[in-house]
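What follows is a single structure, written as structure tokens, with notes after it.
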Amino acid sequence: MNTFDIILQQVGLFVIYILAGLLLVKTKVLNRETLEPISKFVIKMALPLMVFINITDGTDKKNLYESWPILVIAVGFYICIYAAGAMAVKFFKLQESRVGIYRAMLLFGNIGFIGLPMISNVFPENGILYASVFMLIDQFMLWTLGVKLTSPTGEGGFKLKKMINPATVAIVLAIVLKFTGIRIPVLLDTAFSKIGSTASPLAMIYVGGIFAGISLKKYLREISLYGIVLLKMILAPVFLFLILGLFPVSGELRLATSLIVGMPTMTAVVMMANASGLDGDYALGGVFITTISGIITLPAVCWLLQYVL
């Protein structure tokens, strides 16, 4: 099965999971209150364990040493997309209260809920490593620049303690164990793997659940949100893929990082906007539009990069 077919399969699974979340909320099996523990379980246990096991079991020291270009790619991406965001908010003439949220939505993709599961299935040997290394820079930017953008006055400061979270701890610990050659017991490895495998379906069920409570028509008419789809989910992956073609990086890394930057908006932006008293509904609309658009853009961009460019 080629990369495009795997992407299609993964997107199909995500659609089913999202519909399951919608159905569970509509039938009152779940609600906003019961969705939150699911989100916390995924973020604090399932996702970190998925990352941990995939790095310890699915890669080697050589690949770890050779993953440093991803750090450079990630930094370059955030610089470029931050500049693009400054132009986009002027183009769409957004009201002041939405400027920071919009730029945050443009910057931060849903690498945890969508990117990690998808990339790990598309590139079973090294995909989780690519996404995890990229996520280190992503987390740093989220808790520095992201905090600033989603603060009422744009004066949010660097929150070092937020950098120390289950996902980053899992990544660092897995890398340390890999370099030292220490292996965890087989029973523990199996348990961690089973728990980690729940991350993808539960994450998307949560996303579907939060969509069940929003006004679809309101956000379908919000033109500015489609700007995020165009800039972040279509143009950014294409330009990154073309630029990386000028450098001596592997075709797999080139395609993987291009797909990572094209992920839909991160759900954490909604939480940060709500916590700051900003327009959290607008951020939720951005997550909705970009996630639904991702059903089309992710396989379409993958096909374009693999067969045309």
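Residues take their numbers from the sequence shown, with the count starting at 1. Values below: every heavy atom of this structure, side chains too, minus hydrogens, waters and symmetry copies.
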For the backbone of [Y] and the side chain of [X], can you confirm whether one donor and one acceptor N or O come within less than 3.5 Å of each other?
| X | Y | result |
| --- | --- | --- |
| Thr291 | Phe288 | no |
| Tyr82 | Arg103 | no |
| Arg254 | Phe241 | yes |

So do the side chains of [X] and [Y] get within less than 4.5 Å of each other, counting heavy atoms only?
| X | Y | result |
| --- | --- | --- |
| Leu142 | Met266 | yes |
| Tyr219 | Asp281 | yes |
| Tyr206 | Val42 | no |

Requested in this report: In sequence, state the C-alpha distance, the side-chain angles, and the governing distance for Ile195 and Met45, and then conclude on side chain to side chain contact (heavy atoms under 4.5 Å, CB included).
Outcome: CA-CA 8 Å; Ile195 296 172; Met45 178 170 281; 3.9 Å; yes
Query raised in the report: Would you call the rings of Tyr130 and Phe123 parallel, tilted or perpendicular, where under 30° means parallel and over 60° means perpendicular?
Result: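 Perpendicular.
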Query raised in the report: Parallel, tilted or perpendicular: which describes the rings of Phe192 and Phe52, with under 30° parallel and over 60° perpendicular?
Result: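 Rings of Phe192 and Phe52: perpendicular, over 60°.
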**Report entry** Thr290 side, atom OG1; Leu225 side, atom CG - distance, nearest 0.5 Å
**Finding:**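 CG of Leu225 is found 8.0 Å from OG1 of Thr290.
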Report task. Could you tell me which residues satisfy side chain to side chain donor-acceptor pair (under 3.5 Å) with Thr34, sequence neighbours excluded, listed by chain and number? Result ->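 Testing Thr34 for side chain to side chain donor-acceptor pair (under 3.5 Å), a comparison that skips the adjacent residues, returns Asn31.
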Report task. Apply side-chain contact (heavy atoms from CB on, under 4.5 Å) to Gln95 and list each qualifying residue two or more places apart in sequence or on a separate chain. Result ->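 By the side-chain contact (heavy atoms from CB on, under 4.5 Å) rule, Gln95 matches Ser97, Arg98.
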Query raised in the report: Given the rule in the side chain to side chain contact (heavy atoms under 4.5 Å, CB included) test, do Ile260 and Met135 qualify, once you have shown the distances and angles that lead to the verdict?
Result: CA-CA 10 Å; Ile260 289 170; Met135 200 163 71; over 6 Å; no
